[in-house]
Amino acid sequence: MTSEIKFLVELDENRVPEKLTWTAQDGGVELEEAKAMMLSIWDAKAKETLRIDLWTKEMPVDEMKQFFHQTLVAMADTFQRATADEKMAETMKDFCQYFAEKMELTK
């Protein structure tokens with residue numbers, strides 16, 4: 001069995017992303033638009049992370065700040081599930097709170 005996730009990136013003449021869409025049929029997603037994406041892949045041979053970070057020209061700075069904050073929170077949750085390291089996960093969540101305060105994301 002396999003599952004496929006596709007990302008389509010439409011570029012302008014300077015190769016700057018104008019439109020991002022993604023499809024994940026197993027998740028019921030078909031050509032859904034996005035303004036930004038971050039993808040991390042572990043290269044086991046090189047023991048390093050490969051990354052693709054893209055955002056469109058239409059991504060507002062205030063939404064980018066929210067995107068980063070929510071990504072950091074998700075990373076803390078994933079780290080906790082993947083490592084069972086409660087102490088470090090809590091430290092990461094403390095940083096997420098600090099980040100939110102400094103970016104004035106908390107209300």
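For the pair Lys35/Glu63, a side-chain contact is recorded, criterion being any heavy-atom separation below 4.5 Å from C-beta on. Taking the side chain as every heavy atom from C-beta outward, Trp55 and Phe67 never approach each other to under 4.5 Å. Residues Phe7 and Leu20 are not in side-chain contact: their nearest non-hydrogen atoms beyond the backbone lie 4.5 Å or more apart. You'll find the side chain of Glu30 reaches within 4.5 Å of the side chain of Thr23, heavy atoms only. Contact check for Thr106 versus Gln97: side-chain heavy atoms found under the 4.5 Å cut-off. Counting heavy atoms from C-beta on, the side chains of Gln66 and Leu105 come closer than 4.5 Å. Taking 4.5 Å as the limit, some side-chain heavy atom of Pro17 sits within range of a side-chain heavy atom of Leu11. A heavy-atom distance below 4.5 Å is found between the side chains of Trp42 and Thr49.
In this structure a side-chain-to-backbone donor-acceptor pair under 3.5 Å is missing from Asn14 to Val16.
When the shell of 6.0 Å around CE of Met59 is examined, it contains more than 12 heavy atoms from other residues, nucleotides or ligands. When the shell of 6.0 Å around NZ of Lys93 is examined, it contains more than 12 heavy atoms from other residues, nucleotides or ligands. Within 6.0 Å of atom CE in Met88, 12 or fewer heavy atoms from other residues, nucleotides or ligands are found, so the atom counts as exposed in its surroundings. The neighbour count for Glu101 CD, taken as heavy atoms of other residues, nucleotides or ligands under 6.0 Å away, is above 12.
Rounding to the nearest 0.5 Å places CE of Met1 at 7.0 Å from CG of Asp26.
Under the 4.5 Å side-chain contact rule for hydrophobic residues, Met92 and Leu72 do not share a cluster. Tracing side-chain contacts under 4.5 Å through hydrophobic residues (I, L, V, M, F, W, Y), one reaches Phe95 starting from Met64; they form part of the same cluster. By the criterion of side-chain heavy atoms lying less than 4.5 angstrom apart, applied directly or through intervening Ile, Leu, Val, Met, Phe, Trp or Tyr residues, Ile52 is not grouped with Leu8; the two fall into different hydrophobic clusters. Residues Leu54 and Met38 do not share a hydrophobic cluster, clusters being chains of Ile/Leu/Val/Met/Phe/Trp/Tyr side chains in contact below 4.5 Å.
The shortest non-hydrogen separation linking Asp53 to Leu39 is OD1-N, 4.3 Å. Scanning both residues, His69 and Ala100, for their nearest heavy atoms gives NE2-CB, 3.4 Å. Nearest heavy atom pair, residue Ala89 against residue Ala76, reads CB-O, 4.0 Å.
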* Residues Glu4, Gln25; criterion side chain to side chain contact (heavy atoms under 4.5 Å, CB included); working and verdict -> CA-CA 7 Å; Glu4 185 174 71; Gln25 290 181 341; over 6 Å; no

* Criterion side chain to side chain contact (heavy atoms under 4.5 Å, CB included) on Ile5 and Val29, from CA distance to verdict -> CA-CA 9 Å; Ile5 300 171; Val29 178; over 6 Å; no

* Thr78/Arg81 under side chain to side chain contact (heavy atoms under 4.5 Å, CB included): CA gap, chis, key distance, verdict -> CA-CA 5 Å; Thr78 301; Arg81 285 193 320 274; 3.6 Å; yes

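Of the residues Lys57, Glu58, Glu13, the one that meets the side chain to side chain contact (heavy atoms under 4.5 Å, CB included) test with Glu18 is Lys57.
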